[in-house]
Amino acid sequence: MHHHRAIEITNLCYIYPDGTEALRNIDLSIENGESVALVGPNGAGKSTLILHLNGLLRGEGEVRIFGLPINDENVREIRRRVGVVFQDPDDQLFSPTVFDDVAFGPLNMGLPREEVERRVGKALEAVGMAGFEKRAAFHLSFGQKKRAAIATVLSMEPDVLVLDEPWGNLDPRGRRGLLNVLQSLPVTRLIVTHDLFYTMELCDRVVMMDGGRIIADAPLAQILADEGILEEHGLELPQTELKIPPTADRKVRGNLRPLHPANGGVKEA
Amino acid sequence: MRHSYLDSFSNLDSPIHRLEARAKIILFFALVVVCVTTPAKAYPAFAGYLLVLLVLLFLSRLPLKHVFKRALVVVPFVLMVAAFIPFLKTGVIGGGYNLGGMTISQSGLLVLWNVVVKSSVGVLSMILLSSTTPFDGLLKGFERLKVPHIFTTIAAFMYRYSFVLVDEAMRMKQARDSRNFKGRWIWDAKVIGHMIGNLFMRSYERGERVYLAMLARGYDGRSRTLEGERISTADVFFVITVMTLVVLVRILGSRGMFL
């Protein structure tokens, strides 16, 4: 078989109907198996770029997925191979039950019943949501919704997983859980994010966008070392060291002002 | 936020809950049709329908409090009818009643009775149906009964996103009230108007995003669903038994056989 890159974009431009130039001369190629972070400030064009990866938007220039150009003939195959997880899980989970949502993609692929059920089970298992099939999306916590949203795409067994702001609005435990899920998946990943802290653990390459252009494409370590570029484009270094005053009492749990009646404490005589 | 669900108690276990969704849909709709076509004067027939419903209610083990609370939705409609109909019909003069100077005709009262009893049977049937069948099961039942897909899809989206919408409205209201909105005067209506407009825009945009998410997973306008379980003999037997009973009640009740 021919060697094809997972994603190959050449000279992609896109102008929104209102005249906003969202993408300008984008060149980007991602090898199969890579984990890439796409970073940049709000309005940089990251989400617009994502919509080009499975043909939801088609700009000028060329986008190839595993060698396939995006056209009406290929678009079904491309949408199967590139799984896009959108930012708000409430947009992704639109069916009455979690099962229906995860089965939506495989059903659209025309798979037989047994295969659909197998894939739904496998996808939910992969995100740690086995047993949630019958649940309705609005009964889930936000972290569970995020993971279910990923399962809806995994069930199509994509080769490339594209995630828009996967950490957004999640609490640290939810982020950690999601990180573990993402690390366990054997796919090419493109992650759109502001959060370099979690990106560090997942991606070795960073593509930075601003004003519709790619302004940097380098290994993570190199980007992190260049504080100038981070600041210039509205990002910050991950805060790994917190400044803790040496006098601070480190035992928070035992320090809940027990004497205060509001905390259920009894006033000592 | 806590929502009140349309299908609360639908996850209990009872003979009625275990019936297949299609069987229940056919049963309750047929019951309503038979009831609506019964002449208003066939009083024993209505007693029969209510008895059948009460037995089903008993079998379903639904909390009575829940059922009666739900049944209250019918009250405003009945009141509307009650307010107008007795005066509209003035056909029978001889049997009129005099209430504080207003004449109420007997045929008007009969229409009122007609509306009250039939809407009660209808509402009770729908409460029994929706409280014993999870909403997704209900949708699938309708789909398998060949209800056009566009209706079931609209119902599914409406159900799914009504909760999201209520949450959004609540958050907006909280944000508004945090800034000391009183909403006491007529010009405050403008603020509420803006909120409604805002909600509409948000829903519109969400609709677009949901559609993108559907397209991204290979949606092409056609709907595909898994074929579900087959309807069992027990389901068919149950529906036929209850329906025979109801039709018998209808025939005998209309002829005054119980009296």
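Chain A is the first sequence line, chain B the second, and so forth, proteins listed ahead of strands; every chain is numbered from 1. Computed from a prediction, not measured in an experiment: that's the story for all the values here.
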Exercise. Examine whether an atom of A:I78 lies under 4.5 Å from a heavy atom of chain B, and if so say whether it belongs to the side chain, the backbone or both; otherwise answer neither.
Key: neither
Quiz prompt | Most chain B-contacting option - heavy-atom pairs closer than 4.5 Å, from A:V153, A:D100, A:D88, A:T152 | solution = A:T152
Self-check item: Top of A:L56, A:N54, A:N108, A:T97 for chain B proximity - count of heavy-atom pairs under 4.5 angstrom
Solution: A:N108
Self-check item: A:R80 versus chain B, the contacting section by heavy-atom distance below 4.5 Å
Solution: neither
Quiz item: Checking B:Y211 against chain A: side chain, backbone, both or neither under 4.5 Å from a heavy atom?
Solution: neither
Quiz item: Is the centre of the B:Y159 ring less than 6.0 Å from the centre of the A:F138 ring?
Solution: yes
Practice problem: Please determine if A:E117 and A:R119 form a salt bridge, counting it only when a charged side-chain N lies under 4.0 Å from a carboxylate O. | Solution: no
Quiz item: What residue in B:D220, B:D136, B:T153, B:L215 has the most heavy-atom pairs under 4.5 Å with chain A?
Solution: B:L215
Quiz item: A:M109 versus chain B, heavy atoms under 4.5 Å apart: side chain, backbone, both or neither?
Solution: neither
Quiz prompt | Heavy-atom closest contact (B:L129 atom, B:K24 atom, distance) | solution = CD1-CB, 3.6 Å
Practice problem: Just say parallel, tilted or perpendicular for the rings of A:F94 and A:F104, cut-offs at 30° and 60°. | Solution: perpendicular
Quiz item: Can A:R81 be said to sit on top of A:F66's aromatic six-ring, NZ or CZ under 6.0 Å from centre and within 45° of the ring axis?
Solution: yes
Self-check item: Parallel, tilted or perpendicular: ring planes of A:Y16 versus A:Y14, cut at 30 and 60 degrees
Solution: perpendicular
Quiz item: Using non-hydrogen atoms only, which part of A:D164 is less than 4.5 Å away from chain B: side chain, backbone, both, or neither?
Solution: neither
